[in-house]
Enquirer: 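Here's a structure for you.
Residue numbers begin at 1 in each chain, while the letters A, B, ... track the order of the sequences. Computed from a predicted structure; not experimentally measured.
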Amino acid sequence: MSLFIHNTLSRTKEVFAPLDTDHVRMYVCGPTVYDYAHIGNARPVVVFDVLSRLLRRLYPKLTYVRNITDVDDKINEASRLSGENIRSITERTAKAFHDDMLALGALPPDVEPRATDHIDQMIIMIETLIADGNAYEADGHVLFSVPSMAQYGQLARHSRDELIAGARVDVAPYKKDPCDFVLWKPSDADLPGWDSPWGRGRPGWHIECSAMAKVYLGETFDIHGGGQDLIFPHHENEMAQSRCANHSDIMAKYWMHNGYLMSEGEKMSKSLGNFYTVHDLLDEFPGQAIRLALLQTHYRQPQDFTKNSISEARRTLDKWYRIIGDGQNSHEDIPSGIIDALCDDLNTPKAIAELHKLAAQGQGGALKAGASIMGLMFQSAEDWAAWQPAASGALDAGVIDGLIVERTEARQNRDFDRSDEIRDELNAQGIVLEDGPDGTTWKYA
RNA sequence: GGCGCGGUGGCGGAGUGGCUACGCAGCGGCCUGCAAAGCCGUGGACACCGGUUCGAAUCCGGUCCGCGCCUCCA
């Protein structure tokens with residue numbers, strides 16, 4: 001079974017043929033660390049986590065690189081507003097990002113380089129671009145010369161003329177061409193800066209990824225991924241820099257982009273305050289339920305993300321965990337239907353439908369195996385059942401168990417008024433009782 | 001304005017030129033003190049208008065609606 005993936009370069013599904021079948025290499029743009037990751041940031045992390053699991057199964061070796069952007073004007077602004085120093089912001093936010101993504105079941109990438117550790121490589125790359133006539137210094141800035149690259153616009157399918165026609169902002173006076181973009185810019189004394197041949201300054205947004213991809217994956221590699229919003233300008237510019245600096249026809253062979261997320265039917269926006277941070281959602285829902293909710297839509301489709309969809313995913317997982325029960329890690333093969341679905345451009349909704357079929361047939365082992373390649377069902381049924389919302393905890397388990405005993409006695413005496421009263425009381429506190437053949441169990445609603 | 005993406009049953013969400021997934025919810029039944037869970041059964045869709053075709057929700061054109069991007073810059 002071949003893996004097919006949608007390549008943004010061609011806008012079609014293509015057979016995946018790695019440059020080196022012994023070693024697949026993938027780069028995904030990671031977070032700029034100045035604030036908690038919202039659910040829109042989590043989508044590419046989860047999507048490419050599934051892809052990485054699939055690639056590791058299909059090929060002997062994968063190197064998965066996802067950067068951390070820790071130099072950026074948004075970070076500088078956050079520091080200016082809060083007074084917290086930049087290093088503290090980036091360390092704290094990166095840590096929160098790691099915790100949140102782990103809770104979503106995303107494995108760490110093989111390499112997680114930080115921009116500030118690779119300033120030297122960026123400077124070297126910029127020097128090469130200047131030497132070759134692909135970049136120039138002007139007014140303390142270094143700019144990439146877009147007209148120097150004939151194929152600029154290939155990824156986003158924007159011609160240079162179209163870009164100029166559509167421009168909504170004034171062009172900086174030091175630019176030779178309106179489309180030229182910044183590789184290096186000067187920093188004044190209170191901004192982060194590094195010494196360079198062009199004075200003390202800091203890198204532009206795109207050059208870090210070009211430099212780090214080259215260090216860890218080489219001049220060309222297989223897959224470059226990220227959110228759709230990165231196609232232009234970020235990936236277009238990255239590709240232009242890398243190809244010119246490396247004198248190469250390609251940067252990545254396949255470019256993959258996940259679609260946008262809406263929130264409760266509206267586009268996410270800070271002014272509306274309608275975006276969910278992963279951090280907050282994890283107080284309310286188990287991470288796996290959030291992950292399943294994200295995977296319920298194909299990664300290239302737009303998705304309207306709702307709390308209701310997480311609740312639904314959670315009930316689905318409840319059911320699946322019941323089917324698996326205590327059945328330990330049966331080392332069953334991953335069912336072929338699951339692999340086939342994922343090999344068709346990561347069709348996770350179809351793979352999930354396969355899981356439902358396995359569940360309906362009561363095939364717990366196959367269900368668990370199939371879920372595992374999507375990073376689901378990684379907990380024991382016991383741990384899953386033990387999850388509780390952050391706001392809970394008014395009642396301790398001993399009190400609940402005591403009430404269950406009292407209720408069981410009431411039921412044996414056919415005192416159903418008292419029995420229902422106890423259940424209603426617990427229900428009001430978010431505790432759900434379920435009478436089964438082996439007695440009464442409880443869980444958080 | 002330019003470029004691009006999408007509109008599938010009450011909701012979520014795949015897919016295919018003809019055999020019309022899947023989940024949730026609904027409805028009927030079994031089970032249950034009652035719930036829950038489970039089990040069995042069941043109705044319901046392809047934005048609109050044309051065209052191509054023996055046949056289109058699936059291909060083509062148009063319309064409407066939703067969404068994104070248009071560069072370090074506010």
Enquirer: Counting N and O atoms only, with roles assigned by atom type, does the side chain of A:Glu236 sit under 3.5 Å from a partner on the main chain of A:Leu155, one being a donor and the other an acceptor?
Expert: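 Checking the backbone N and O of A:Leu155 against the side chain of A:Glu236, a donor-acceptor pair under 3.5 Å is found.
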Enquirer: Kindly compute the distance separating SG (A:Cys29) from CD1 (A:Ile68), expressed to the nearest 0.5 Å.
Expert: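 That separation rounds to 13.0 Å.
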Enquirer: Strictly distance-based, threshold 3.5 Å: is any side-chain N or O of A:Ser187 a donor or acceptor partner for the main-chain N or O of A:Pro192?
Expert: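 Here the side-chain-to-backbone pair exists.
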Enquirer: Please determine if a side-chain N or O atom of A:Asn347 lies less than 4.0 Å away from the OP1 or OP2 oxygen of B:G15.
Expert: yes
Enquirer: Can you check whether A:Lys319 has a side-chain N or O nearer than 4.0 Å to OP1 or OP2 of B:G23?
Expert: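 So the side chain of A:Lys319 is outside the cut-off, no N or O lying under 4.0 Å from OP1 or OP2 of B:G23.
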Enquirer: Distance between the P atoms of B:U58 and B:G18, in whole angstroms?
Expert: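 Approximately 12 Å lies between the P atom of B:U58 and that of B:G18.
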Enquirer: Which of residues 173-191 of chain A have a heavy atom under 4.0 Å from RNA chain B?
Expert: A:Tyr174, A:Lys175, A:Cys179, A:Phe181, A:Lys185
Enquirer: Quick check on B:G38: is either OP1 or OP2 less than 4.0 Å from any side-chain nitrogen or oxygen of A:Arg322?
Expert: yes
Enquirer: For A:Lys175, is there any backbone N or O sitting under 3.5 Å from a side-chain donor or acceptor partner on A:Asp180?
Expert: no
Enquirer: Looking at A:Glu208 and A:Arg114, is any side-chain nitrogen of the basic one under 4.0 Å from a carboxylate oxygen of the acidic one?
Expert: no
Enquirer: Contacts to RNA chain B from residues 136-158 of chain A, heavy-atom cutoff under 4.0 Å, which residues?
Expert: A:Arg157, A:His158
Enquirer: Side chains of A:Arg243 and A:Gln154: donor-acceptor distance under 3.5 Å anywhere?
Expert: yes
Enquirer: Considering all heavy atoms of both residues, which atom of A:Trp255 and which atom of A:Asn7 are nearest to each other, and what is their separation?
Expert: N-OD1, 3.0 Å
Enquirer: Round to the nearest Å and state the distance from A:Asp345 atom CG to B:G15 atom P.
Expert: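 Rounded to the whole Å, the gap is 9 Å.
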Enquirer: A:Ser309 side chain N/O closer than 4.0 Å to the phosphate oxygens (OP1, OP2) of B:G12?
Expert: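 So the side-chain polar atoms of A:Ser309 never come under 4.0 Å of the phosphate oxygens OP1 or OP2 of B:G12.
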Enquirer: Once you round it to whole Å, what is the distance between C1' of B:A36 and CG of A:Asp420?
Expert: 12 Å
Enquirer: Taking the inter-plane angle between the rings of A:Tyr152 and A:Phe232 on a 0 to 90° scale, is it parallel (under 30°), tilted (30 to 60°) or perpendicular (over 60°)?
Expert: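 Rings of A:Tyr152 and A:Phe232: perpendicular, as their planes differ by over 60°.
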Enquirer: Rounded to the Å, how far apart are A:Leu358 CG and B:C22 C1'?
Expert: 12 Å
Enquirer: May I ask you to decide if A:Ala341's main-chain N or O and A:Lys350's side chain share a donor-acceptor pair within less than 3.5 Å?
Expert: no
Enquirer: When you measure from the side chain of A:Arg157 to the backbone N and O of A:Leu9, does any donor-acceptor pair fall under 3.5 Å?
Expert: yes
Enquirer: Using a cut-off of 4.0 Å on non-hydrogen atoms, how would the nucleic acid contact of A:Glu312 be classed: base, sugar-phosphate, or nothing?
Expert: base
Enquirer: Which residues, if any, of residues 192-203 of chain A bring a heavy atom under 4.0 Å of RNA chain B?
Expert: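 Within residues 192-203 of chain A, no residue comes under 4.0 Å of RNA chain B.
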Enquirer: Any sub-3.5 Å donor-acceptor pair from A:Asn85's side-chain atoms to A:Ser88's backbone N or O?
Expert: yes
Enquirer: How close do A:Pro147 and A:Asp177 get, counting heavy atoms only, and between which atoms?
Expert: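 Scanning both residues completely, I find the closest heavy atoms to be CG-OD2, 3.3 Å.
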Enquirer: When you get a sec, tell me which of B:G13, B:C67, B:C72 is the closest nucleotide to the side chain of A:Met262?
Expert: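 From the listed options, B:C67 comes nearest.
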Enquirer: Quick one: label A:Asn237 by what it contacts on the DNA or RNA (base, sugar-phosphate, nothing), any heavy atom closer than 4.0 Å.
Expert: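 Base contact.
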Enquirer: OP1, OP2 of B:G66 versus side-chain N and O of A:Tyr260: anything below 4.0 Å?
Expert: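 For A:Tyr260, the contact criterion (side-chain N or O under 4.0 Å from OP1 or OP2 of B:G66) is not met.
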